[in-house]
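Notes follow once the structure below has been shown.
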Amino acid sequence: MNAALKQYIDLYAQQSDLIQRQAPAVLNAARHEALTLLTDKGLPTRRTERYKYTDAAAMLAPDYGLNLLRHKPAQSETKCAVPGLRTHTVYVAGDVVMPIGETKDTAEADGILIYSMAEAQTAIPEVLETHYNCLSTDEPDALTALNTLLAQDGLVVVVKKGAKPQLPLQIVNTASTRTPAMHNRRLIVICEAQSEATLLICDHCTANAQTLTTQVSELFIGNGARLNIYGIEETSARCNRLHNIYARQEAESQLTLCDVTLRAGLSRTMANVDLRGERAETYLLGAIVAGGTQHIDNNLLVRHQAIGCHSEMLYKSVLDDESLAAFAGKVYVAQGAQQTDSQQTSANLCVSPTARVLTQPMLEIYADDVKCNHGATVGKLDEAALLYMRQRGIPEADARLLLQHAFVSEVIQRIGLPALRDRLTTLVDQRFRGESDAHCAGCGLCGLKTE
């Protein structure tokens, strides 16, 4: 067994009583199967197809500490707000769900039930038992299993049947530690039939030490439901993240997952989306602005299993210094999934000669009435466009910034919250100008500069 994994297997063996005592019964019931999988299969290596761009063992090699006693930091350490955007807001400090309090009541009046998994064990036990850890069984994943082995709490969000909440739900994840730490987060989102909801997930880090976050999100989108999830990753070079997303869509449902990565260390997102109902739609979008030695890996799988479904992948990255962006997107069309419509685009801009891009769009089709396209580009700034702008009096530095901003704005403009679009436009502009360390007077977490 790999030494990186062995240290956590040994930790669980030594502290299993404590881990389970601080966790809901449903989470504990899944640990034995997770332990068996990890013991039998070990960690994926670079020879594993879906992990060939990220060294999982290297990410787990440090001796991270875990908050097994569930210490809660002060609420004042976790603040985040998008100017001009009102939300129902929940905070997760490390992997501890902070008291939801008044948010629970206002959200319920808006059609959303929000519980920590510890609360859900009592309030909605059947919902938790039915949905926890049930979407990853088709393709067992070792890092999902590691999260399942060690996670002690998480969030459950239920959007009631037919509900159309007036306000988005914002989940603020923060990391603040002085010693190396691992955070294991879980999220379940259930959109019941004909409901519509928007989630904003913000990842921040003020840690002075190296951190690793594993997160498993399970999304259930019912008949005719619509779910938009917008993610902002604005952490630091010391923060590494492994996020596995599993989604199941029923007939005529719609799912949009849009991630904007502005600052991180090593960040890997794996998404498995199953289109099980007819005429379901999926939109997977990503904008990456990377520099330094950032490593951003997106590995996506969309399975068309019903007639008339539509999927789109659009990922755009601008890379500087020695950063790396990896994209592997696969669309699987099952036998009988006729009238499938699918489009994949991976477009990458390298503004440094040492930046690297690894891109692999893939199709696997077993139906004959389909429309599937894929494409990938890697290039530099358009010298003709730069010359054109300079001839019209725009300084070269500003012209480069404008072209870079225009390149990723195609993704940002797909976000359905105007206030969030405006904020991201400012954040991206500051990121390109090298001002990512400037802090907002309000919270100091996101790097948004204010006058």
Side-chain angles (χ1 to χ4, degrees), residues 30 33-34 37-38 41 43-44 48-54 56 130-148 151 154 184-191 199 201 213-222 225 227-229 231 241-251 253-259 267-277 280-286 296-306 309-315 326-334 337 340 342-344 346 360-366 372 374:
E33 184 177 353
L37 174 65
L38 289 168
K41 297 187 64 174
L43 291 176
T48 305
E49 179 64 25
R50 297 198 71 175
Y51 281 88
K52 63 182 179 181
Y53 299 136
T54 296
T130 303
H131 294 86
Y132 180 76
N133 204 47
C134 75
L135 294 184
S136 61
T137 54
D138 290 344
E139 186 182 338
D141 178 85
L143 295 179
T144 294
L146 181 63
N147 178 284
T148 302
N184 300 294
R185 299 171 181 154
R186 298 293 292 222
L187 174 65
I188 295 174
V189 180
I190 304 164
C191 282
L199 271 66
I201 302 178
T213 297
T214 74
Q215 176 158 327
V216 176
S217 299
E218 297 175 279
L219 314 176
F220 303 82
I221 303 96
L227 175 62
N228 302 313
I229 299 182
R241 183 183 76 155
L242 296 166
H243 188 189
N244 288 356
I245 303 170
Y246 301 91
R248 185 175 72 195
Q249 294 185 237
E250 306 302 337
S253 64
Q254 184 180 104
L255 171 64
T256 298
L257 295 175
C258 180
D259 282 327
S267 179
R268 181 181 190 272
T269 299
M270 184 184 79
N272 290 1
V273 181
D274 286 330
L275 303 176
R276 301 204 322 173
E281 299 179 6
T282 292
Y283 301 91
L284 305 181
L285 314 170
I296 313 298
D297 182 359
N298 286 283
N299 192 291
L300 315 172
L301 171 63
V302 176
R303 290 185 281 223
H304 288 252
Q305 299 177 345
C309 293
H310 174 81
S311 68
E312 181 179 351
M313 299 180 191
L314 173 62
Y315 279 73
F327 169 88
K330 181 176 180 179
V331 172
Y332 174 91
V333 182
T340 287
S342 176
Q343 177 68 47
Q344 295 180 70
S346 168
Q360 185 182 20
M362 296 170 281
L363 297 170
E364 186 173 346
I365 301 171
Y366 297 96
C372 296
H374 64 77

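One is the number of the first residue; the rest follow in order along the sequence. In this text the structure is predicted, and so the values were computed from the model without any measurement. Both backbone and side-chain heavy atoms feed into the values below; hydrogens, waters and symmetry mates do not.
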[Y] side chain reached by [X] side chain, heavy atoms, under 4.5 Å:
X      : Y      : answer
Glu49  : Gln360 : yes
Cys372 : Ile365 : yes
Ser136 : Asp141 : no
Val331 : Ser311 : yes
Asn272 : Asp274 : no

Charged tip of Arg268 within 45° of Tyr53 ring normal and under 6.0 Å | no
So, the side chain of Glu218 versus the backbone of Cys134: is there a donor-acceptor pair under 3.5 Å, distance only?
-> yes
Any donor-acceptor pair under 3.5 Å linking the side chain of Gln344 with the backbone of Met362?
-> yes
Parallel, tilted or perpendicular: ring planes of Tyr366 versus Tyr332, cut at 30 and 60 degrees = tilted
Give me the atom names and distance for the closest heavy-atom approach of [X] to [Y].
X      : Y      : value
Leu43  : Leu143 : CD2-CD2, 4.0 Å
Thr144 : Arg186 : O-NH1, 4.2 Å
Leu38  : Ala142 : CD2-O, 3.3 Å
Leu255 : Ala247 : CD2-CB, 3.7 Å

Only residue of Val273, Leu135, Asn133, Leu219 satisfying side chain to side chain contact (heavy atoms under 4.5 Å, CB included) with Tyr246 is Leu135
From Cys191 atom SG to Glu250 atom CD, the distance as rounded to the nearest 0.5 Å | 12.0 Å
Rounded to the nearest 0.5 angstrom, the NZ-CE distance for Lys330 and Met313 is 10.5 Å
Does atom CD of Glu312 have more than 12 heavy-atom neighbours from other groups under 6.0 Å away?
-> yes
Indicate whether any N or O donor in one side chain lies under 3.5 Å from an N or O acceptor in the other, for Arg185 and Ser217.
-> no
